[in-house]
Amino acid sequence: MDITSIIESLNEAQRTAVTAPPHAMLVLAGAGSGKTRVLVHRIAWLMRVENVSPYSILAVTFTNKAAREMRGRIEQLLSFPAGNMWMGTFHGLANRLLRRHAREAGLPESFQILDSDDQYRLLRRILKQLELQETSWPPRQIQWYINGHKEEGRRACHLQESYDPAERQLQRIYREYETLCEQSGLVDFAELLLRAHEFLRDSPAALAHYQQRFRHVLVDEFQDTNSIQYAWLNLLTRDNDNLCVVGDDDQSIYGWRGAKIENLHSFQRDYPNHQIIRLEQNYRSTGNILNAANALIDHNDGRLGKNLWTDSGAGDPIALYAAFNEQDEAYFVVDRIRRWIQEGGSPLECAILYRSNAQSRQFEEKLIAMGIPYRVYGGLRFFERQEIKDALAYLYLLTHRDNDAAFERIINTPTRGIGARTIDYLRNLARAQQLTLWKAALHARTANDLPARAQTLLGGFIDLINALSERMADRPLHEQIRLAIENSGLLEYYRKEKGEQAETRVENLEELVTAARQFEAEPPGAEEDLSATPLERFLAHAALEAGEAQGDPYQACVQLMSLHSAKGLEFELVFIVGLEEGLFPSMQSLEQPGRLEEERRLCYVGLTRAQKLLYLTYAESRRLYGKEHRARPSRFLNELPAENCQEVRARANVNRPVASYEAAARSGFEDGSAAAGGSFRLGQSVFHAKFGEGVILQAEGSGAQARVQVKFAESGVKWLVLAYANLQGR
DNA sequence: CTCGATGAGTTTTTT
DNA sequence: ACTCATCGAG
């Protein structure tokens, strides 16, 4: 048995973790310390050396991407497919469990998954039904309320009736929502986890079975687990002490969506025999970057403690740039990227990271102007697009007529003359008689309560769905989908729509057929849920994995993304921008100390993304929500050791610089550095080719519009546009 | 149904 | 400032 390939490339700590005898283990893996590597090699070790069957292993991740990567790397290491290993996201695994035991878990065999947009729509519908104003009951907040409770394991019936009328109302909405989901066979994301937990908790036989089966449970990014996820893991492993978790408390950045950093403490309490292994050697960044990151995170309290180190040398210092405003900041960053590419750097190895997505625009504009290709992460993903969701809604309704969410979405899409009146009538009928919308429609067709025209049209819709359903039977999946988008009129509808967007929509619909074909060819995950039809499996897949944001993997693009999205990634050249109080750390986090620590961890995550070069920038003035704001530099900048940083431009110690980087560069001062004399301040002496010696009195504008007022000794006071005046500093 | 006016909200994201 | 959604008029 060749085990050298499994352990030869590992360092001491990694090897300890990989080869430890099976028992509870906590691997504290710092950024860039080979976390995934340890997980992958650990699994390989279990199989090769401990003779563990892949059947006995459960490996859990947070994203599909991470699950895919792990599976790929294991298969590569062992050179055989790890087909029957349960490996996936919490939600994916919960789905699998519930499909197998739908009945016992109290769900219909063909339950369908609601994504958060579906959930949002459903809640709005309930509000309308309860005649509540969206302004006083914002659906987003209700969504948050419901999911929050579910993530803590609380159903509506568990909530104590409150004396607070607002709270009572929320509970009522929650109850109503549960009823509706139950009726329509719908399961939202939080429900998947909650159901899976309740099912195991309440079915001793099933619990025993899975406890027996999963001799080894491994969890990635453990610091991101929420209460119900931990409870589920604990159910499965508490009797066998067989939970191995990998995580980093310093990279916990999802507290705001329910992640419980406390789970790390719960783990230590619940598995008293656990072993802790720290991975502190970093293979990613230079010494300067790591030192700064360590110093920053040291400002947080109650850490489990960890100090990253590297033996790869100090590297360049971290560069700080104080921009005049957001325009200047963007110009500076993009100009540095231009140089990087010019010197042979790859755009793919270069990332701009920001706290809020709205910040991307400035950079995009400048990148476009410079003709540098870029990619922004974080938009709508494939299965979230309107036209795709429309098509999926047809498929949902075709497989399950009681899916009210789907019914409501497509009853009049494409427009077929079934208006609000008819739909309201159906809703009332459904509510009054405890029917689903589909059943209400069947009633209405014969009841003669509707105007004749509406009745006919409604009948037409029912016939359409039924006929389509028949025609689709026994066809291959991609054929079914093609039939659905064509016969429903959806394709035609988007074809006729004008505008560029419509074109992409048609393309996307066609792409959906391709995606289905691909899904048939190589179904992701094991072929375990044979209970479901291919179409049902495809729908679950679509809900659980929203797909990539945008294609274009062929072009080497500069990467723009939020700091959150950057977690887990690395780049040679990284810019963290907008380091201002109120922006990063964000305004909302300033009040709560816990939130502020999370912001600091987010900054830590950002710093540790950089392999070689790291730039930190902030703007002294920024347009935000239509108003000009002056902000102090982020406190995080002050928390970095001076010896690891270097200001790109020495700044005037009294007066603020009035010239932007952009104007300075254009007017011939190559990088705007003080040494080159490019930083103009109020009161500074300057020289102009025609007007001679002068002193700067005032300044206004920025970027290409930046102007200064200069009092010339000979020619008097003049306003000059910096970009053209070619002023020389003195 | 489509268009333009009006008004509210505006950190971060995966499933 | 800008986006997004809803609402009323044509």
Side-chain angles (χ1 to χ4, degrees), chain A residues 60-67 88-95 113-121 124 128 133-136 138-141 143-144 147 150-151 187-194 196 221 224-226 228-229 252-259 326 353-362 377-381 383-384 412-420 493 496-499 540-547 549 561-568 578 582-590 592 595-596 598-599 601-603 605-606 622-629:
Chain A
V60 196
T61 62
F62 270 85
T63 64
N64 292 294
K65 199 171 147 213
T89 62
F90 278 102
H91 294 84
L93 295 166
N95 176 51
I113 301 169
L114 286 180
D115 70 14
S116 26
D117 183 56
D118 300 331
Q119 185 185 40
Y120 179 79
R121 287 158 171 270
R124 291 184 59 186
K128 205 181 255 175
Q133 286 297 311
E134 281 188 21
T135 40
S136 15
R140 290 270 165 234
Q141 272 178 42
Q143 202 174 6
W144 186 80
N147 292 337
K150 286 192 178 187
E151 276 157 17
V187 170
D188 62 48
F189 286 134
E191 182 77 24
L192 279 172
L193 302 176
L194 179 55
E221 304 278 17
D224 289 337
T225 47
N226 64 30
I228 200 84
Q229 286 163 338
S252 161
I253 55 173
Y254 287 115
W256 53 272
R257 68 172 196 208
E326 77 279 2
L353 310 181
Y354 33 76
R355 176 66 240 264
S356 92
N357 291 115
Q359 287 169 258
S360 76
R361 244 194 53 205
Q362 305 293 354
Y377 285 73
L380 271 191
R381 281 138 13 125
F383 286 111
E384 291 168 353
N412 201 30
T413 309
T415 44
R416 46 174 70 88
I418 302 178
Y493 174 69
K496 278 194 193 131
E497 221 184 44
K498 49 200 182 315
H541 166 76
L544 289 171
E545 176 157 22
M561 66 187 83
S562 68
L563 284 146
H564 283 89
S565 314
K567 189 165 152 216
L583 189 61
F584 188 27
S586 78
M587 198 66 83
Q588 294 88 331
S589 66
L590 290 175
Q592 286 171 290
R595 287 265 161 269
L596 183 68
E598 185 156 304
E599 294 283 303
R601 292 193 291 268
L602 186 58
C603 187
V605 166
R622 179 183 297 276
R623 253 200 139 79
L624 209 58
Y625 305 139
K627 274 214 149 83
E628 204 76 31
H629 287 270

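In this text, all values refer to a predicted model and were calculated from it rather than measured experimentally.
Counting any heavy atom pair closer than 4.0 Å across all strands shown, A/Arg361 reaches sugar-phosphate atoms only and no base atom. Counting any heavy atom pair closer than 4.0 Å across all strands shown, A/Asn357 reaches sugar-phosphate atoms only and no base atom. As judged by a 4.0 angstrom heavy-atom cut-off over every strand, A/Phe584 is placed among residues making no nucleic acid contact. A/Tyr625 comes within 4.0 angstrom of a base, heavy atoms only. A/Ser586 comes within 4.0 angstrom of a base, heavy atoms only. At a threshold of 4.0 angstrom between heavy atoms, the contacts of A/Thr415 are confined to the sugar-phosphate backbone, with no base atom among them. Using a 4.0 Å heavy-atom cutoff across all strands shown, A/Asn147 reaches no nucleic acid atom at all. Nucleic acid contact for A/Asp224: none, since no nucleic acid atom lies under 4.0 Å from a heavy atom of the residue.
A straight line from CG of A/Asn412 to C1' of B/dT2 spans 14 Å, rounded to a whole angstrom. A/Gln359 has its CD atom 11 Å from the C1' atom of B/dT12, to the nearest Å. Rounding to whole angstrom units, CZ of residue A/Arg623 and C1' of B/dT10 are separated by 16 Å. The distance between atom CG of A/Asp117 and atom P of B/dT14, rounded to the nearest whole Å, is 15 Å. When the C1' atom of B/dT15 is taken as reference, atom NZ of A/Lys65 falls 15 Å away, rounded to whole Å. Straight-line distance from the OH atom of A/Tyr354 to the C1' atom of B/dT10: 16 Å, rounded to whole Å. In this structure, A/His629 places its NE2 atom 11 Å from C1' of B/dT10, rounding to the nearest Å. Here B/dT13 presents its C1' atom at 12 Å from CD of A/Glu151, a figure rounded to the nearest Å.
Checking B/dC1, B/dT15, B/dT12 against every side-chain atom of A/Arg355, the shortest atom distance belongs to B/dT12. Among the nucleotides B/dT15, B/dC1, C/dA5, the one closest to any side-chain atom of A/Arg124 is C/dA5. Between B/dT15, B/dT12, C/dT6, one nucleotide has an atom nearer to the side chain of A/His91 than all others, and that is B/dT15.
Interatomic distance, A/Thr63 OG1 to A/Glu545 CD, rounded to the nearest 0.5 Å: 9.0 Å.
Note on A/Asn64: a side-chain N or O is less than 4.0 Å away from OP1 or OP2 of B/dT15.
Salt bridge status for A/Arg257 with A/Glu151: absent, with no side-chain N to carboxylate O gap under 4.0 Å. Under a 4.0 Å N-O distance rule, the pair A/Asp224/A/Lys567 qualifies as a salt bridge. Ion pairing between A/Arg623 and A/Glu326 fails under the 4.0 Å rule for side-chain N and carboxylate O.
In A/Glu628, the CD atom is crowded: over 12 heavy atoms of neighbouring residues, nucleotides or ligands sit closer than 6.0 Å.
The aromatic rings of A/Tyr254 and A/His564 lie tilted to each other, with the angle between the two planes from 30° to 60°.
Between A/Thr135 and A/Gln588, the residue anchored nearer the 5' end of DNA chain B, judged by the nucleotide with its closest heavy atom, is A/Thr135. Remark on DNA chain B: of its neighbouring residues A/Ser589 and A/Thr89, the 5'-side contact belongs to A/Ser589, judged by nearest-heavy-atom nucleotide.
The aromatic ring of A/Trp256 sits over the base of B/dT12, with ring centres less than 5.5 Å apart and planes tilted by under 30°.
Only the C1' atoms considered, B/dT13 is 22 Å distant from C/dC2, to the nearest whole Å.
With hydrogens and angles ignored, no donor-acceptor pair closer than 3.5 Å exists between the side chain of A/Ser116 and the base of B/dT14.
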